[in-house]
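A quick write-up on the structure given underneath.
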Amino acid sequence: MTAGTVKTLFNRIGPDKVGAADGRLLDVGNPSDGSLLSRAPRSSGVDVDRAVAAAKAAFRAWSATPAPARGEILFRAGALMVERKEAIAQVMAREMGKRLEEARGDIQEAIDTAWYAGAEGRRLFGHTAPSELPRKMGMTFRRPIGVAGVITAWNFPVAVPSWKILPALVCGNTVVWKPSEEAPESGYLFAECLWDAGLPAGVLNVVQGYGDEVGAAIVDHPDVQVLTFTGSTAVGRKIYETAGRHLKRVSLELGGKNPVIVMPDADVELAVDGILWGAFGTAGQRCTATSRLIAVGDVGDRVVARLAERAKTLRVGSPLDPKVDIGPIVNERQLKRIHGYVEKGVAEGATLVCGGAIPTEGELATGWYYPPTILDHVKAGSTLALEEVFGPVLSVIRVADFDEAIRVANEVQYGLSSSIYTRDVNLAMRAVELIDAGITYVNAPTIGAEAHFPFGGVKATGNGHREGGWMPYEFFTEVKTVYIDYSGGLQRAQIDNRND
Ligand code: UN1
């Protein structure tokens with residue numbers, strides 16, 4: 001690619017489309033072929049300070065705008081996303097390597113969220129309850145918090161930001177967002193739908209750059225009252241520590257090590273379809289990806305044999321080719337990390353069933369590709385059984401019975417998504433009850449959460465919050481309790497209503 005076609009990207013601070021204050025840029029590569037796609041601002045604390053000041057200045061008017069009117073802007077933004085879906089998908093597929101079909105799905109998830117969040121402008125319900133005293137009532141209202149700091153990952157460059165930004169906005173907060181440095185243009189194009197829909201200047205500000213420069217400055221900024229982050233558990237832990245010192249409200253969406261339990265009575269063909277899609281869709285680069293197959297009893301041999309046959313038919317290649325099943329890994333560092341896990345798994349005694357080698361010849365050698373990889377007889381408690389790989393790697397753990405399957409499912413530090421394949425409704429319901437995870441699917445893959453249901457996990461996957469559905473509206477508001485005494489006299493709670 002010639003230098004002339006390399007795009008220059010921008011921040012957006014208040015009404016201004018600007019570069020980093022000190023003019024620095026970072027390179028954005030195409031993982032399919034290693035070419036240079038664009039240069040984005042490599043911003044720093046100065047840029048964050050300006051963005052936070054713009055967000056703070058915009059807060060008064062935005063928070064005073066009636067919530068239904070805020071919602072209408074989100075509806076208009078949703079309509080623009082529908083119009084621009086293909087154009088944004090094309091950029092996303094090039095920036096982070098997601099297949100076009102999946103890139104369209106990523107944007108669709110944001111569109112779904114826009115409809116939900118827009119309508120929430122006419123809800124944002126409070127509660128009313130009877131008072132313990134006569135001629136007195138109690139009720140609650142929701143109030144916006146202030147400036148929200150949003151830091152997101154590259155693997156869902158539009159969907160995941162939409163889960164955070166759209167609820168934050170309809171609740172009346174203003175936002176400073178750092179999109180991932182791997183997908184800065186996808187992020188900018190999503191934000192542009194909101195600006196073009198009529199979002200006032202300063203309500204949503206975008207600051208491009210690296211986590212340790214821009215992200216850290218957002219987390220540490222005293223005028224950012226609420227933070228939401230999707231990324232690794234290690235970074236989430238640091239953010240929580242810093243934010244804790246400031247007493248900030250924080251929502252963290254972190255790692256996963258998602259299991260599929262296959263029982264001997266399962267429909268094996270259905271399970272294989274679900275495991276292949278869950279493990280190798282988006283090249284395994286989802287926090288919901290199927291990372292462990294826990295095969296119970298004699299189903300192990302059958303399911304592994306079918307998986308191996310089918311995995312070999314999956315095509316690895318350009319995300320722009322509709323015949324391709326698995327696109328590239330986002331960058332070289334991740335590719336090496338994934339391969340390192342596979343080597344470690346083999347060293348720890350697992351059997352390599354298929355994949356497991358970085359392509360060194362032909363077209364695939366020019367990008368960051370990794371084949372669908374299955375390791376069988378991975379030992380419970382070994383590295384591959386416990387750590388998040390974030391690539392197209394499936395570890396098969398063989399167990400004797402249902403109880404052992406649950407024990408193994410729960411032995412990891414994470415608890416995001418999970419699944420069981422069985423025809424036995426009692427076992428399915430027991431799995432729903434016993435698996436430590438935020439999401440459990442029955443006879444369906446671990447990926448594919450819908451925008452109107454809560455999304456999030458337990459243990460080291462998060463800190464107790466949920467995105468999606470009705471829950472983020474609680475997170476992005478403060479509750480105000482109001483008592484109205486219309487008795488005309490002093491009434492003392494806990495005292496005047498008692499005669500004991
Ligand atoms: C993520 O990987 O961070 O359930 C989000 C799914 C998608 C969202 C994944 N709807 O796989």
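The analysis underlying the following values was restricted to heavy atoms, covering all of them including side chains, and did not include hydrogens, waters or symmetry mates. Atoms within a ligand are numbered from 1 in the order they appear, just like the ligands themselves.
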Going by the side-chain hydrogen bond (donor to acceptor under 3.5 Å, both in side chains) test, name the single residue among Ser186, Ser180, Ser38 that passes it with Glu95.
Ser186

Using ring pair (Phe, Tyr, Trp, His ring centres under 6.0 Å) as the criterion, list what pairs up with Phe280, not counting sequence neighbours.
none

List the protein residues in contact with ligand 1, where contact means a heavy-atom separation under 4.0 angstrom.
Glu109, Asn155, Phe156, Val160, Trp163, Arg286, Cys287, Thr288, Ile447, Gly448, Ala449, Phe455

Arg286 NZ/CZ over Trp277 ring centroid, <6.0 Å and within 45° of normal
yes

Do we get Lys238 above Phe229's six-membered ring, with its NZ or CZ under 6.0 Å from the centre and within 45° of the axis?
no

I'd like to check the ring pair (Phe, Tyr, Trp, His ring centres under 6.0 Å) partners of Phe475; sequence neighbours left out, ordered by chain and number.
His465

With sequence neighbours excluded, tell me which residues meet side-chain contact (heavy atoms from CB on, under 4.5 Å) with Ala191.
Trp177, Trp195, Leu204, Val206

